[in-house]
Amino acid sequence: MTDTLERPDVKPDLKVVGTRPIRPDGAEKVTGRAQFGADFNMPGQLVGKVLRSPHAHARIVSIDAKKARALPGVKAVVTGADFPNLADEFHEGGEAASNLRDLAMNVMARDKALYDGHAVAAVAATSTAIADEALALIKVTYEVLPHVIEVEAAMAPDAPVLHAHMYTEGLEERPTLPSNIARRNRIARGDLDAGFAAAEVVVQDRYVTQAVHQGYIEPHACVASWAADGQCNVWSSSQGQFMVRTYCAKVLGLEMSNIRVTPAEIGGGFGGKTTVYLEPLALALSRQSGHPVKMVMNREEVFRATGPTSGAVMYVKLGAKKDGTIVAADVELKYQAGAFAGSPVGAGSMTALACYDIPNFAITGWDVVSNCPKVAAYRAPGAPIAAFAVESAVDELARKLDMDPIALREKNGVKNGVKASYGPTFNAIGYLETLAAIKTCPQYAMPLGPNQGRGVAVGFWFNVGGESTAAVNIGEDGSAVVVTGNPDIGGSRASMAIMAAEVLGVPVEQVRPMVADTASIGFSMLTGGSRTTFATGMAVVQAAEKVVAQLKRRAAVIWDVAPDQVEWANGAAVCRDPAKSTGKTLTLEGLAAQSARTGGPISAQVSLNAQGAGPGFGVHVCDVEIDPETGHVTVLRYTAAQDVGRAIHPSYVEGQVQGGVAQGVGWALNEEYIFDRDGKMENAGFLDYRVPVASDLPMIDAILVEVPNPRHPFGAKGVGEVPIVPPLAAVANAVRAAIGVRMTTLPLSPPKIRAALDAKAG
Amino acid sequence: MPQFDYLSPTTAEDAAKALAASGARALSGGTDLLVQLRSGRTSPSAIVDLKRIAGAIGIREEAGGFVVGAATPGAIIGEHAALARAWPGVVEAANLIGSTQIQGRASLAGNLCNASPAADSVPAMIAARAVCVIVGPAGRREAPVEAIGTAPGRTSLAPGEFVLEIRLPKRPAHASDAYLRLIPRTEMDIAVAGAGVNLVLDASGVVTEAHVALGAVAPTALLVEAAGAALLGTKLDEAALDKLDAAARAACRPIDDKRGTTEYRIKIAGVLARRAALIAYQRAGGRA
Amino acid sequence: MAHVIAPSDCRQFTGGVTEFDIEADTVRRLTAELERRYPGLGAWLDRRMAVAIDGEIHQDAWTSPLTPASEVYFIPKIGGG
Amino acid sequence: MSKRHVSAIVNGDAVEFLTDPGMTLLDALRDELELTGSKEGCGSGDCGACSVVVDGRLVCSCLMLAAEAEGRRIETIEGMAQASDLHPLQRKFLEHAALQCGFCTPGILVASKALLDANPDPTETEVRYWLAGNLCRCTGYDKIIRAVMDAAAEMRQARVVA
């Protein structure tokens with residue numbers, strides 16, 4: 001049964017929501033006591049290690065593990081043969097659909113290795129040294145196959161085909177031959193030809209981005225224990241303990257109730273920990289060895305074998321009237337999916353033009369497999385890539401029209417009542433307010449010096465709701481414990497405590513939020529899609545409201561009044577029965593102390609499928625300075641405005657915005673997967689995969705625009721995804737302004753900019 | 001990690017003895033060696049830690065010049081005021097190696113003997129005409145810094161030999177140096193190109209001695225004599241700088257790799273040589 | 001009659017049609033009617049699509065009420081990072 | 001090859017442990033001494049999550065052999081708070097929300113303390129360059145820099161008062 005909340009009015013005069021209390025898990029995290037994935041150990045545990053393919057594409061002819069098994073200290077060796085073969089099965093889980101068959105084959109290769117780093121075997125041994133030695137003793141015979149990585153090369157008719165069973169979906173007719181194109185999707189409205197015929201100004205270009213990694217600092221880690229009776233325990237760092245449970249059950253053919261997954265503290269995810277890599281292997285090794293098995297990736301493995309997001313090639317053509325009205329848009333997006341189908345091109349297509357009200361458009365998306373790691377979600381999956389192309393094109397259009405870039409976006413911007421490019425009609429959005437916030441921010445008026453430039457770009461994300469469970473339990477002393485099933489990546493426990501405290505009317509310090517294991521709380525979709533504060537927060541609010549209802553009933557029992565004669569205010573029941581003394585109160589503490597005599601423990605649990613996550617919009621302005629001799633880009637200033645609905649804990653909302661900007665700036669300037677001729681990743685480490693360091697960035701001003709979401713009790717909208725959408729184009733547009741050349745291929749590394757300047761000089 | 005012996009001799013002679021064993025490697029700061037150990041690029045039979053040898057860590061003034069112990073970390077080098085006054089280019093190059101944490105360990109000798117063509121301190125030391133004191137089974141010898149690296153990852157050191165200290169010569173008046181490198185970020189990267197320039201001026205500001213060395217543009221750091229010669233007898237006017245730039249570029253033999261293209265490295269070597277020359281000139285009291 | 005718009009992929013079931021007018025008071029009944037008219041379509045929409053009713057996206061919404069004036073969009077399910 | 005015996009001072013206390021020659025100081029801290037506050041993010045000195053102070057110098061414990069620790073004084077995140085009193089940096093990180101996931105936080109705190117021990121009044125640029133070896137992927141560094149500057153100001157004030 002689904003509970004939904006109809007609540008058109010956002011609560012006024014909030015006491016706790018919008019304040020900035022110290023996070024409840026803070027002291028453990030600043031003292032080094034918080035337990036992350038690799039910090040957990042079990043008695044008698046073994047060390048698990050993975051043997052990975054050194055080839056980008058190869059048939060696995062045979063695997064001989066006899067010598068490895070014979071090595072003293074080796075307790076288990078598993079290969080693809082130790083896992084059941086699964087049929088195609090799509091698992092929704094609230095995220096983009098995962099084909100469980102592909103997931104299982106990504107966890108452990110079967111007949112083919114599909115990318116450099118693909119797992120082909122795993123061992124468990126009594127020490128790291130022995131495990132390493134065992135890996136070296138496993139003899140894998142490969143038949144190396146031709147490989148392909150770049151998206152357009154993978155789409156070519158003569159490209160090596162990764163999956164013989166893959167026939168492009170979404171075409172008018174089913175193709176007669178298999179290819180690397182998993183799917184085409186198309187969104188269109190109006191008459192494109194007529195639109196361009198009516199256009200007075202047209203811009204068009206081709207844009208390229210490279211695969212980039214989420215770059216969380218904590219490598220994947222887990223401990224798994226398979227007991228003799230088949231009861232399994234998994235401790236791991238992930239974005240969802242229930243996701244881990246589901247996937248382990250499917251990949252290993254187990255019953256979910258036999259797997260208990262306990263979430264560790266998670267050291268960053270950004271979408272990259274929305275799937276499993278190690279957990280099923282650790283379970284299989286534990287089953288075979290009879291010992292708990294701990295597995296921890298090193299950084300090289302994280303880069304080579306876990307999800308980056310797509311590299312892409314995109315074509316954008318825009319047509320406008322001289323007054324700035326955009327009348328036609330043609331967008332084609334080609335995204336790398338990695339070794340298995342499922343790039344975020346669908347979301348890229350749906351978000352590409354979501355900020356614009358354009359009468360005639362077509363968006364075509366291509367989901368293309370190639371010999372690189374299977375992409376995983378990365379913050380607003382698909383959207384930053386498409387926004388890089390579209391926002392660069394809009395910037396060119398503004399230049400051609402000689403219009404202020406914000407004015408052009410205001411003129412064509414979506415507002416309430418406008419039908420979104422992806423279908424539904426917008427309501428309660430704050431896009432124009434967000435544009436206005438940037439137009440009036442101090443940075444937008446600051447003068448620029450020589451070799452400096454300013455760029456503006458906008459971004460959109462849907463935000464999602466979905467299934468969550470929360471429990472609120474009142475202790476005998478009146479303190480409250482809030483239990484949810486969502487790992488806390490960026491401070492969500494603080495938001496949960498705030499929302500519960502707001503409803504209960506108590507200080508936030510009186511509420512302790514906890515993240516529970518899969519056996520201790522009802523199902524919750526993973527932490528991702530900017531859903532936790534919205535959806536899980538809604539469950540917390542409803543559970544707290546149920547507790548308040550119980551408290552009022554109990555006060556009514558104590559006072560012997562009708563329940564509707566009791567109000568709840570400031571953490572206490574207030575008697576409104578004029579027959580008894582109106583205004584007398586019973587505090588939460590007082591009621592809790594008498595709970596045994598008024599009905600037993602005070603607690604409530606709510607499970608719901610939250611609808612109505614309001615879409616979010618961001619508008620960013622970036623100032624850069626270029627060294628024209630070296631091509632080096634310095635980001636001088638950055639301001640990001642975002643419609644956040646209502647900031648529950650403003651500091652952590654600002655933090656989401658600032659962090660998203662930093663990741664986007666890295667994507668724009670220096671981050672990229674580099675492959676050698678054999679398809680091996682050349683920069684699988686933080687030395688040459690260059691995420692921004694502290695000295696690369698200025699302070700990042702976050703402007704929180706609050707247009708409340710009427711479907712959330714406190715007006716919250718998701719905030720984590722939107723801020724990574726605009727920066728790629730904001731930086732590129734600033735570079736365009738500084739050097740007078742449009743850079744269409746990311747990253748904007750110094751050699752590329754110097755080459756562009758040299759080409760311009762002739 | 002692989003298994004090996006760990007030795008921490010307290011005399012240079014014992015260290016040389018230990019290093020003479022087949023497969024032994026010297027450890028000073030370890031910031032390159034431990035990465036190589038972990039990745040399996042090196043699997044030594046023994047690690048010989050030089051840090052407990054007397055004098056391996058520290059800086060002393062001798063005969064008007066400076067002697068820097070082989071294992072002296074960048075942080076100590078950066079804190080030595082007299083050294084920084086005399087050889088600001090060498091000090092800034094040493095301090096560019098990695099992060100603050102790396103500076104707590106990384107040494108000049110390690111940077112040199114790791115023999116990466118992109119090592120930041122090496123062009124600066126070459127331009128400074130620095131000399132290594134090498135200890136080995138056959139005793140002590142001296143060699144200029146540019147004689148150590150022979151190819152990426154290879155040195156001219158014989159088995160058992162190691163660099164015990166690096167000597168920077170005495171400074172005349174009106175002399176200074178500078179080192180610049182180009183990296184994609186602002187910190188934490190390996191140089192795409194680097195340039196060290198060491199100048200001596202006369203009282204009127206005319207260059208009387210000039211040494212230019214480049215990093216990351218050839219299999220080893222290069223001493224570019226023609227680039228130094230371009231500055232002699234000048235006050236670093238535009239023509240001299242153009243000649244320097246051209247000579248620097250002409251000396252480059254770089255590779256294309258994940259860190260930069262051949263074309264880019266060559267251009268940048270010229271740009272950096274120019275800029276470093278101007279900084280060194282100004283530091284030496286010249287006014288361009 | 002709720003007005004229903006499905007993505008272009010649905011043509012594989014409908015032979016070309018992507019918009020429909022359906023009399024139904026819940027999404028469950030609406031997809032059942034689509035399944036009756038175009039075998040396979042209702043099941044496909046249920047499995048692979050989210051639904052937006054009058055602008056609001058529902059990930060799973062069998063019981064969500066519809067009115068005769070409702071605009072119902074089937075769109076791909078959205079995940080996120 | 002047999003294990004070596006190492007004696008060192010960790011957070012003021014004498015410790016002894018056995019190490020394989022190849023074991024890093026980070027592994028020894030985490031696995032032998034059960035001080036898991038220092039983290040491994042890269043194992044190559046590029047992320048700073050394993051930052052500790054050895055004989056007064058900030059280093060990456062992943063780039064130091066455990067055997068090298070013989071006789072050294074080592075300070076880790078676990079020694080930063082005095083009993084239940086958080087160090088001003090720890091407090092300011094909480095007040096400024098300078099952490100999100102918290103994985104890089106121990107390393108950044110250790111590095112920041114080393115900075116303020118050496119330079120009580122750093123500029124924003126000095127803080128940024130000092131911390132360039134500590135990657136944070138969550139925060140964009142903004143609130144971290146503010147927290148360090150604010151802690152420095154408070155500590156200077158406390159010194160004046162004292």
Side-chain angles (χ1 to χ4, degrees), chain A residues 20 22-23 25-36 38-39 41 128-129 214-219 265-270 296 298-300 488-491 494 649 651-652 654-663 665 685-687 691-702, chain D residues 20 22 27 30-31 34-47 49 76-78 80-81 84 86-87 89-91 93-109 124-125 127-146:
Chain A
R20 302 175 186 241
I22 300 295
R23 61 192 287 166
D25 56 323
E28 292 211 328
K29 288 202 165 145
V30 297
T31 54
R33 228 174 282 178
Q35 270 200 325
F36 290 86
D39 299 338
N41 294 297
T128 304
Q214 294 81 352
Y216 34 82
I217 311 298
E218 181 202 28
E265 293 295 336
I266 170 172
F270 315 110
V296 182
N298 62 32
R299 179 55 53 183
E300 184 188 332
D488 175 357
I489 291 197
H649 190 309
S651 295
Y652 287 100
E654 291 160 5
Q656 288 292 320
V657 173
Q658 291 160 339
V661 167
Q663 287 181 318
V665 168
F686 278 136
L687 181 61
V691 307
V693 301
S695 50
D696 290 343
L697 294 169
M699 291 297 185
I700 298 162
D701 288 335
Chain D
D20 288 325
D27 289 339
R30 290 179 54 84
D31 299 339
E34 297 182 341
L35 296 171
T36 55
S38 305
K39 307 298 180 189
E40 178 168 313
C42 69
S44 56
D46 295 305
C47 80
T76 73
I77 185 63
E78 286 89 351
M80 200 161 161
S84 289
L86 295 179
H87 186 277
L89 277 161
Q90 292 171 311
R91 261 194 297 107
F93 267 58
L94 294 177
E95 285 172 22
H96 285 265
L99 57 148
Q100 284 177 32
C101 81
F103 188 79
C104 70
T105 307
I108 292 188
L109 284 166
E124 180 192 330
T125 302
V127 178
R128 285 185 180 278
Y129 276 86
W130 182 278
L131 292 179
N134 291 87
L135 298 182
C136 168
R137 191 63 158 169
C138 292
T139 64
Y141 303 105
D142 185 299
K143 293 184 188 301
I144 291 173
I145 306 300
R146 290 180 200 278

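All heavy atoms count here, side chains included; hydrogens, waters and symmetry mates do not. Numbers restart at 1 for each chain; the letters A, B, ... are given by sequence-line order, proteins then strands.
Of the two parts of D:L109, only the side chain, counted from C-beta on, holds a non-hydrogen atom closer than 4.5 Å to a non-hydrogen atom of chain A. Contact of A:A34 with chain D is made through the backbone alone, with heavy-atom distances under 4.5 Å. No part of A:R33 comes within reach of chain D, as not one of its non-hydrogen atoms sits under 4.5 angstrom from that chain. Proximity to chain D involves both the backbone and the side chain of A:E218, based on heavy atoms less than 4.5 angstrom apart. Within the 4.5 angstrom heavy-atom criterion, atoms from both the backbone and the side chain of D:L99 approach chain A. With a threshold of 4.5 angstrom between heavy atoms, D:F93 approaches chain A through side-chain atoms but not through N, CA, C or O. Only the side chain of D:E124 comes within less than 4.5 Å of a heavy atom of chain A; its backbone N, CA, C and O stay farther away. Neither the backbone nor the side chain of A:V661 comes within contact range of chain D; no heavy atoms are under 4.5 Å apart.
Rounding to the nearest 0.5 Å gives a distance of 10.5 Å between NE2 of D:H96 and CZ of D:R91. Rounded to the nearest 0.5 Å, atoms CG (D:L135) and CD1 (A:I217) are 5.0 Å apart. The distance from atom CG of D:D20 to atom CG of D:D27, rounded to the nearest 0.5 Å, is 10.0 Å. Atom OG of D:S38 sits about 5.5 Å away from atom CD of D:E78, to the nearest 0.5 Å. The CZ atom of D:R30 sits 11.5 Å away from the OG1 atom of D:T76 when rounded to the nearest 0.5 Å.
For the set A:G660, A:G685, A:G655, A:G26, the entry with the most heavy-atom pairs within less than 4.5 Å of chain D is A:G655. Ranked by heavy-atom pairs under 4.5 Å with chain A, the list D:T139, D:I145, D:L131, D:T105 is led by D:T139. For the options A:I489, A:D488, A:V657, heavy-atom pairs under 4.5 Å to chain D are most numerous at A:I489. The residue among D:T36, D:D142, D:I144 with the most heavy atom pairs within less than 4.5 Å of chain A is D:D142. Ranked by heavy-atom pairs under 4.5 Å with chain A, the list D:G37, D:G133, D:A132 is led by D:A132. The choice from A:D39, A:D25, A:I266 that makes the most heavy-atom pairs within less than 4.5 Å of chain D is A:D39. Interface check for chain D: of the options A:G269, A:A662, A:G32, A:S695, the most heavy-atom pairs under 4.5 Å are formed by A:S695. The candidate from A:A702, A:P219, A:G659, A:A694 with the greatest count of non-hydrogen atom pairs under 4.5 Å with chain D is A:A694. Of the listed residues (A:E654, A:E28, A:R20), the greatest number of heavy-atom pairs within a distance under 4.5 Å of chain D belongs to A:E654. The candidate with the highest count of non-hydrogen atom pairs below 4.5 Å against chain A, out of D:A97, D:C104, D:A49, D:C47, is D:A97.
With contacts defined as side-chain heavy-atom distances shorter than 4.5 Å, the pair D:C138/A:Y216 does not qualify. Two residues are said to be in side-chain contact when any heavy atoms from C-beta on lie closer than 4.5 Å; D:L89 and D:M80 meet this criterion. Between A:P692 and D:R137 the shortest side-chain heavy-atom distance falls below 4.5 Å. Taking the side chain as every heavy atom from C-beta outward, A:D696 and A:V665 never approach each other to under 4.5 Å.
Ring-plane geometry between D:F103 and A:F36 is classed as perpendicular, the angle between the planes exceeding 60 degrees on a 0 to 90 degree scale with a lower cut at 30.
Remark: the backbone N or O of A:V30 is paired with a side-chain donor or acceptor of D:Q90 at under 3.5 angstrom.
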